[in-house]
Amino acid sequence: MATSLRILSSRCLTAATSKKAFGITASLNGARQLSSLSTTSSYITTSKSNHNGQYQPSILRATQSTSVRYQSTSDKPKIKAPPMVYIQGEEMTHYATQLLLNQWIEPYFDISSWETFDLSCKARDDSDDATLIDAVEAGKRIGAIFKEPTITPSAIQVQEMGLKKAWGSPNGAMRRGWNGITISRDTIHIEGIELGYKNQVLFERHAVGGEYGAGWNEVGEGTLLTTYIPKDGGAPFVVDKRDLTDKHNVCVVYHNPYDNVRELAHLFFKRCLEHKVTPYIVTKKTVFKWQEGFWATMKRVFDDTYKDEFLKAGLLDRSGGELTHLISDAATMQLIRWTDGGFGMAAHNYDGDMLTDQIAQVHRSPGFITSNLVGVSDDGTTLIKEFEASHGTVTDLWNDHLAGKETSLNPLGLVEALLGAMCHAAQLEYDAKPNDVEAKRMYEYVNNFTNTLRMALHNTFRYGQGTRDMCGPTGFTTEDFIAKVAWRLDRYLEQQSEESAPPELKERIWHCLLVSWRTLIRRRL
């Protein structure tokens with residue numbers, strides 16, 4: 001790196017916790033330098049693909065802002081960020097992400113190595129979804145992805161937007177393309193601020209199978225046969241046969257792939273140990289007998305590999321010394337009762353979707369839990385991780401913004417997703433070059449930066465300078481909150497860096513030793 005940065009975490013922590021240095025009454029307007037944002041800012045995608053010679057991915061987009069932003073005073077050279085895939089969405093979350101990238105990330109990082117893909121409805125429609133295909137391929141190649149919330153258009157939205165068709169959710173293509181194993185959803189906590197759960201709650205949702213990939217049709221009276229045809233040429237057989245006596249029926253067929261449940265189990269139990277929480281497995285196997293295999297695999301991996309570690313750590317005390325199975329109905333009730341937190345759950349795709357929505361509501365809102373898709377490369381050697389906020393595009397605030405009204409979007413979930421993707425990108429680069437000094441420095445720099453940004457973000461809430469969902473009607477607007485965090489981040493980082501490395505002290509050390517030796521000799525003489 002051109003500028004030698006000496007990471008002084010203790011100084012940062014002292015500065016962050018010192019009320020003398022960062023008083024609650026600090027004036028926003030008096031403490032920051034302000035410059036007007038242009039009324040139109042352009043954001044151009046940089047994806048590169050041409051499947052049929054027609055797709056041109058450089059799509060110009062614009063957003064409106066009439067507020068102000070914090071201008072960093074740092075004159076240090078930017079650090080080139082590790083490669084990462086950035087998937088743009090739309091509406092309020094896209095607007096907020098552009099603000100925080102402009103004020104929190106771009107003053108310190110050169111993000112030219114990021115590959116950006118526009119998954120707005122218009123971009124997908126204009127490219128016949130080639131932009132989605134490109135994004136999935138890039139994610140498979142790079143392995144670290146940050147995704148903004150996107151819109152899955154309804155029939156009404158298709159008409160309003162003038163789309164060719166109702167494009168499906170991109171999530172299915174991503175989970176298939178990245179060999180999805182699990183979707184990790186964890187509660188986000190700010191020390192000193194009570195939310196829902198007092199301690200962290202982890203959740204692993206099986207990323208494939210279930211109702212989401214179901215085939216279905218509306219049919220009348222008749223007979224429905226579900227027939228299995230073995231790939232090895234074995235004899236076909238009927239999985240299910242049922243007579244349909246109603247004149248109007250909906251038939252649904254789906255399956256649950258279980259090959260990767262072992263990988264899900266290892267990821268889940270390792271994370272529970274890391275975060276010191278008690279694990280539970282959730283199914284409805286008492287009624288849905290086909291779910292028994294999920295529980296059996298999780299239990300086998302736990303008993304063979306992790307049980308002793310959990311017992312030594314005392315993490316099974318609340319569950320009677322064993323891995324506990326919960327019926328999904330019981331899990332629903334316990335999520336409301338166990339507000340002390342300190343537990344983790346793993347479940348099938350659909351159950352996981354529903355239960356994590358409940359966790360989000362207990363913990364205030366979907367903005368306070370993470371959403372992280374974990375997959376694996378085709379050769380099974382590298383984890384692919386995609387990070388996104390667990391909420392949608394926040395259409396109501398976007399409509400207010402377009403109408404010229406003030407908005408107050410809490411970007412906490414968006415920021416956690418961005419920071420997670422940046423850290424994973426740095427980890428992948430370091431893993432690929434473990435003996436490279438620059439890769440190690442980058443890894444350390446990115447991790448320090450993300451920790452410092454998280455501290456600046458959390459402290460802004462602690463000082464009563466948060467968004468209106470946290471601070472009531474006197475809370476900050478979207479733009480002013482982002483500017484306030486930018487101001488605080490700049491101050492924290494400024495206290496961590498030095499212009500140059502300290503001088504070598506070898507000669508000075510030898511000189512001191514020589515003087516000490518001569519003094520000792522004189523005393524003896």
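Treat the numbers as computed from the prediction; the structure is a model and nothing was measured.
Classified by interplanar angle (parallel below 30°, tilted 30° to 60°, perpendicular above 60°), the ring pair His363/Phe368 is perpendicular.
In this structure, Asn447 and Cys423 approach most closely via the heavy-atom pair OD1-SG, 3.9 Å. For the pair Gly89 and Ser120, the tightest heavy-atom approach, listed with the atom from each and the gap, is O-CB, 4.0 Å. Here the shortest heavy-atom pairing between Gly139 and Ile384 reads O-CG2, 3.9 Å. Between Ala81 and Ser113 the shortest heavy-atom distance is O-OG, 2.5 Å. Leu335 approaches Leu355 most closely through the heavy-atom pair CD1-O, 3.7 Å. Heavy-atom minimum distance, Gly352 versus Phe203: CA-CE2, 3.6 Å.
For the side chain to side chain contact (heavy atoms under 4.5 Å, CB included) criterion with Met470, the lone passing option out of Phe481, Phe461, Phe476 is Phe461. Partner of Phe449 under the ring pair (Phe, Tyr, Trp, His ring centres under 6.0 Å) criterion, chosen from Tyr492, Tyr443, Phe109: Phe109. The side chain to side chain contact (heavy atoms under 4.5 Å, CB included) test with Tyr228 is passed by exactly one of Asp240, Val239, Val238: Val239. The side chain to side chain contact (heavy atoms under 4.5 Å, CB included) with Leu323 is formed by just one residue from the set Tyr280, Phe302, Phe310; it is Phe302. A side chain to side chain contact (heavy atoms under 4.5 Å, CB included) with Leu457 is found for one member of Ile190, Thr452, Val485 and no other, namely Val485.
Distance check, rounded to the nearest 0.5 Å: SG of Cys251 to CG of Leu224 gives 4.5 Å. Of the inter-residue distances, the one linking Leu99 atom CG with Leu409 atom CG reads 10.0 Å to the nearest 0.5 angstrom. Interatomic distance, NZ of Lys165 versus CG of Asp128, reported as 8.5 Å (0.5 Å rounding). The distance from the CG atom of Leu119 to the CD1 atom of Ile151 is 12.0 Å, given to the nearest 0.5 Å. One finds the CD atom of Gln103 at 10.0 Å from the OH atom of Tyr108 (value rounded to the nearest 0.5 Å).
No more than 12 heavy atoms of other residues, nucleotides or ligands shown are found within 6.0 angstrom of NZ on Lys440. Around atom CG of Asp304, more than 12 heavy atoms belonging to other residues, nucleotides or ligands sit under 6.0 Å away. No more than 12 heavy atoms of other residues, nucleotides or ligands shown are found within 6.0 angstrom of CD1 on Ile156.
Contact of the Val85 side chain with the Phe146 side chain is not registered, since no non-hydrogen atoms from C-beta on lie closer than 4.5 Å. Put simply, the side chain of Phe343 reaches to within 4.5 Å of the side chain of Val201, judged on heavy atoms. In this structure, the side chains of Met442 and Pro82 come closer than 4.5 Å at one or more pairs of heavy atoms. Using a 4.5 Å cut-off on side-chain heavy atoms (C-beta onward), Val250 and Val252 make contact. The shortest distance between side-chain heavy atoms of Met345 and Thr356 does not fall below 4.5 Å. For the pair Leu414 and Glu416, the minimum side-chain heavy-atom distance is 4.5 Å or more. When side chains are defined from C-beta on, Glu90 does not count as touching Thr150, because their heavy atoms never get closer than 4.5 Å. Between Asn249 and Glu218, every side-chain heavy-atom pair lies at or beyond the 4.5 Å cut-off.
For the residue pair Thr478 / Thr407, a side-chain donor-acceptor distance below 3.5 Å is found, with atom types taken as modelled. A donor-acceptor contact closer than 3.5 angstrom links the side chains of His94 and Glu148. Donor-acceptor pairing under 3.5 Å is recorded for the side chains of Asp431 and Gln427. Side-chain contact, Thr182 with Glu204: a donor N or O sits under 3.5 Å from an acceptor N or O. Judged purely by distance below 3.5 Å, without hydrogens or angles, the side chains of Tyr212 and Asn171 never pair a donor atom with an acceptor atom. Side-chain polar atoms of Asn372 and Arg185 form no donor-acceptor pair below 3.5 angstrom. Side-chain contact of His458 with Thr460: a donor-acceptor pair under 3.5 Å is absent, judged by distance alone. A donor atom on one side chain and an acceptor atom on the other are found under 3.5 Å apart for Asn179 and Asp378. Between Thr283 and His325, the side chains place a donor N or O and an acceptor N or O closer than 3.5 Å (distance only, hydrogens not considered). Donor-acceptor pairing under 3.5 Å is lacking for the side chains of Asp129 and Trp167. Thr393 and Glu91 share a side-chain donor-acceptor pair at under 3.5 Å. Under 3.5 Å, the side chains of Gln200 and His189 contain no donor-acceptor pair of N or O atoms.
Remark: the backbone N or O of Asn349 is paired with a side-chain donor or acceptor of Arg205 at under 3.5 angstrom. Here the side chain of Trp178 pairs a donor or acceptor atom with the backbone of Val136 at under 3.5 angstrom. Side-chain atoms of Arg364 never come within 3.5 Å of backbone atoms of Gly196 as a donor-acceptor pair (strictly under, hydrogens ignored). No side-chain donor-acceptor contact under 3.5 Å links Asn459 to the backbone of Arg462. Using modelled atom types, no side-chain atom of Trp338 and backbone atom of Met333 make a donor-acceptor pair closer than 3.5 Å. The backbone N or O of Gln361 lies less than 3.5 Å from no partner atom in the side chain of Ser365, so there is not a single donor-acceptor pair. Listed for the Thr467 side chain is no donor-acceptor partner under 3.5 Å among the backbone atoms of Ser408.
Applying the ring pair (Phe, Tyr, Trp, His ring centres under 6.0 Å) criterion to Tyr350, with sequence neighbours excluded, gives no partner residue. For Trp290, the side-chain contact (heavy atoms from CB on, under 4.5 Å) test picks out Tyr254, Asn256, Tyr258, Phe288, His348, with sequence neighbours left out.
Taking the charged nitrogens against the carboxylate oxygens, Lys299 and Asp303 do have a contact shorter than 4.0 Å, which makes a salt bridge. A salt bridge between Asp186 and Arg271 is present, with a side-chain N of the basic residue lying under 4.0 Å from a carboxylate O of the acidic one. Asp329 and Lys284 are joined by a salt bridge, as a carboxylate oxygen and a charged side-chain nitrogen come within less than 4.0 angstrom of each other. Ion pair Lys247/Glu221 not flagged as a salt bridge, since none of the NZ, NE, NH1 or NH2 atoms sits closer than 4.0 Å to an Asp/Glu carboxylate oxygen. Ion pairing between Lys307 and Glu322 holds under the 4.0 Å rule for side-chain N and carboxylate O.
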Under 3.5 Å, sequence neighbours excluded: what are the donor-acceptor pairs made by side chains of residues 385-392?
unit_1: Glu388; atom_1: OE1; unit_2: Lys147; atom_2: NZ; d: 3.1
unit_1: Ser390; atom_1: OG; unit_2: Pro366; atom_2: O; d: 2.5
unit_1: Ser390; atom_1: OG; unit_2: Ile369; atom_2: O; d: 3.2

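A cation-pi contact, defined as under 6.0 Å to the ring centre and within 45° of the axis, is absent between Arg300 and Tyr306.
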- Task: Step by step, work out the side chain to side chain contact (heavy atoms under 4.5 Å, CB included) result for Arg242 and Leu244.
- Result: CA-CA 6 Å; Arg242 62 189 58 222; Leu244 309 178; 4.1 Å; yes
